[in-house]
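Report on one structure; see the data block that follows.
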Amino acid sequence: MRRFLHLVAILALIGSALYAYRIKYDTIFLAEQVAKLKNRAAREREAIAVLRAEWQYSAKPDRVQALADRHLPDLQPGAIQQIARWSEIVARPVPVDSIGKKLEALGLGEPTNTPTASRSDARTPTTTGSIGRKP
Amino acid sequence: MTLSRNPIDSQPDDEAPRRGGLRRMVAALSDLFRMRLDKSGHRVFMVAAGFTCIYALIAGRLVQLGLRPDPPTQLRRAAAEVSGIRPDIVDRNGTILATDIKTVSVFAEPRRIIDKDEAVELITAVLPDVNARELREKLGSRKGFVWVKREITPRQQQEVHRLGLPGVGFMPEHKRIYPNGPAAAHVLGSVNLDNVGIAGIEKYIDGQGLADLTMAGFARQSTDLKPIQLSIDLKVQHALRDEIAKGIEKYKAKAGAGMILDVTTGEVVALASLPDFDPNNPADALDPNRINRMAVGVFEMGSTFKALTVAMALDSGKININSTLDARNALRYGRFKIGDYHGTHRVLTVPEVFVHSSNIGTARMALTVGVPGHQAFLRKMGQLDRMRTELPESSEPIVPQRWGELNTMTIAFGHGLAVAPMQAVAAVGALVNGGMMMNPTFLRRTPEEALAKATRVIKPETSEALRYIMRLNAERGSASKAAVPGYFVGGKTGTAEKVIGGRYSKTRLFTTFMAIAPSDRPKYLFLTIYDEPQGLPETFGYATAAWNAGTTTGRVIERVAPLLGLPPRFEPPQLPFPVMARMGAWGTR
């Protein structure tokens with residue numbers, strides 16, 4: 001009985017030692033991962049800082065103005081004359097269906113029967129040929 | 001039994017004491033090495049205690065070593081010399097004005113370099129702009145750490161790395177960059193090679209305890225620090241600088257400056273002073289011609305100072321808006337004579353004095369208040385003391401040493417007292433915002449925070465009168481060039497003659513223009529100054545303020561009002577100045 005207990009104790013010792021070692025190596029591995037990720041995050045942050053600085057450098061007002069002067073020579077600063085009051089805007093006229101009125105005047109206002117297609121391919125063509133393609 | 005007696009006992013008695021001592025020693029020694037169990041108990045205990053002590057000591061030391069962070073090596077020594085991290089500076093909309101990026105610097109540890117001459121030769125081959133002799137001296141020193149070159153390119157780093165020199169290494173460093181170039185240079189200031197602020201807001205940030213934080217090791221990366229938000233609006237700042245630059249070129253002025261102040265909060269929305277510099281190259285800032293003319297230069301502000309005089313006279317109660325002042329003849333004082341530039345030669349009301357910019361009228365107003373009252377008012381408006389803002393650069397106003405009645409008369413129309421233009425802006429801001437004097441700030445601030453620190457300097461009615469006469473001046477006076485339709489602008493011109501060789505020069509002028517928008521409830525105050533502008537054919541040869549500073553201010557207002565979110569109005573507001581209308585002031589009927 002006593003011998004058995006000794007055996008159990010020794011096995012338990014070996015087992016716990018192995019477990020402890022595994023935990024230790026896992027910890028080291030994870031710590032390395034954390035350090036790596038932290039490094040990567042720091043590198044990304046630096047890259048973001050550089051990109052932000054570069055973006056601001058490209059979007060700086062001096063440069064934007066120079067580009068606008070070169071490429072948008074017809075634009076001018078907004079002035080009050082270009083702004084209209086709400087009350088000055090002419091109300092949109094009631095839409096007039098002039099074609100419908102003509103048809104009505106001709107007495108064709110009534111709905112007509114749609115002729116049924118006799119053949120399945122007798123449809124209006126939906127594609128058009130290319131006309132006078134430029135070389 | 002007798003045979004078993006110890007032979008020592010049979011020794012003669014005269015030697016007994018000496019022998020007794022020896023015997024006791026021998027007995028003690030033989031006792032120590034006796035293997036009898038009954039006597040060895042305490043010895044085992046002592047040995048066990050000894051070992052326990054030793055092991056406890058070792059264990060304690062191990063725990064102590066384990067708890068201590070990694071021992072400092074060469075990196076720590078270098079870190080003390082590496083430039084510190086700084087917070088980003090952003091404008092009021094969050095656009096970056098200054099930020100840090102990482103660069104690499106080369107350092108050397110002279111003690112670890114084997115062949116110093118070879119090292120110098122190889123390094124100077126790769127980094128041609130390193131001075132070989134200086135480098136040899138540095139490497140020959142007994143220092144543990146020296147810089148070879150700061151802020152090298154990645155390509156140079158690669159080349160130095162390929163040399164494979166022992167004792168030469170790289171250190172990542174923070175470099176401050178200002179992506180917008182010279183925009184807002186005078187506000188931002190600059191930093192030196194070690195990322196320590198040497199001017200402007202950068203220096204202010206260091207003064208706020210950043211240096212201590214970095215030293216204590218709390219600030220390691222930029223995310224540790226909150227960005228500093230300024231009151232500057234980058235787009236407005238650029239527009240202001242651009243217009244002033246165009247103006248300097250057009251009017252062939254020596255220098256120019258401009259400023260936009262939010263009068264409800266005291267925030268400086270834009271501040272430009274030309275010629276300026278690029279903060280990425282701080283050496284340019286040392287040129288005395290590139291000073292911040294708004295805060296560091298002191299000038300006689302000319303007629304814009306009349307606003308202060310009128311406000312003082314009205315607020316004192318000795319004069320009201322309907323009082324009349326005699327401007328028929330030049331005002332004589334001893335051998336001096338004060339005349340008007342735009343002479344009217346009649347009796348003027350207070351608004352007329354302002355609109356015609358009458359020196360005689362304002363001088364008379366100041367005289368009714370008297371010298372002590374004038375001094376007290378100007379002191380209250382902060383015109384006699386150095387103004388302190390976040391910017392470390394500032395100047396003391398030049399106040400006459402003996403201040404008599406003549407001084408009061410000339411100061412009334414802006415000659416004889418030189419102040420920083422920013423000071424005058426702060427005072428006029430208080431005159432038009434309802435009478436609350438606020439110290440200008442370059443950091444963001446809400447109107448509530450500003451009001452909490454503000455002091456009342458004039459009555460609200462006086463403030464209304466000032467807004468009224470400034471608006472009147474834009475409608476029918478000299479400020480019409482800046483009266484951009486839709487923004488209900490008010491303004492005042494000021495043309496001061498510069499003192500050249502102790503005399504006022506007629507040809508060298510310092511022109512100023514102040515404008516408020518909108519006049520009924522001012523939100524922004526604009527100031528433009530030009531140093532020695534020239535007359536042009538299209539200005540009919542005039543070089544006075546209305547023709548240059550006034551025109552520029554008009555263009556600035558037109559350009560920045562939409563950026564600042566000032567809504568244009570089609571009709572002038574109904575009854576903008578109720579008190580003035582009730583009193584029937586000149587110009588309301």
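Everything numeric here is computed off the predicted structure, so don't read it as measured data. So that the names make sense, note that chain A is the first sequence line, chain B the second, and so on, each numbered from 1.
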Could you tell me whether B:R444 atom CZ has more than 12 heavy atoms of other residues or ligands within 6.0 Å of it?
yes
If you count heavy-atom pairs under 4.5 Å between each of B:D242, B:L97, B:V484, B:T99 and chain A, which one has the most?
B:D242
Which one, A:K60, A:R52, A:Q65, A:E54, leads in non-hydrogen pairs under 4.5 Å with chain B?
A:Q65
Counting only heavy atoms from other residues, nucleotides and ligands, does the tally under 6.0 Å from CD1 of A:I99 exceed 12?
no
Once rounded to the nearest 0.5 Å, what's the spacing between atom NZ of B:K102 and atom CZ of A:R43?
10.5 Å
Run the side chain to side chain contact (heavy atoms under 4.5 Å, CB included) check on A:Q56 and B:L234 step by step: do they pass?
CA-CA 11 Å; A:Q56 188 49 43; B:L234 179 63; 3.5 Å; yes
Considering residues, nucleotides and ligands other than A:K102, do more than 12 of their heavy atoms fall under 6.0 Å from its NZ?
no
Give a yes or no on whether B:R555 atom CZ has more than 12 heavy-atom contacts from other residues, nucleotides or ligands under 6.0 Å away.
no
Quick one: of B:P485, B:G486, B:A561, who has the most non-hydrogen atom pairs under 4.5 Å with chain A?
B:P485
B:N280 CG to A:Y57 OH distance, which is reported to the nearest 0.5 Å
8.5 Å
For A:A53 and B:P179 the tightest heavy-atom approach is O-CB, 3.7 Å
Which bit of A:E46 is near chain B, if near means a heavy-atom gap under 4.5 Å: side chain, backbone, both or neither?
side chain
The interface call for B:I177 against chain A, heavy-atom contacts under 4.5 Å, is side chain
Point-to-point distance, once rounded to the nearest 0.5 Å, from CD1 of B:I101 to CG of A:L51:
11.0 Å
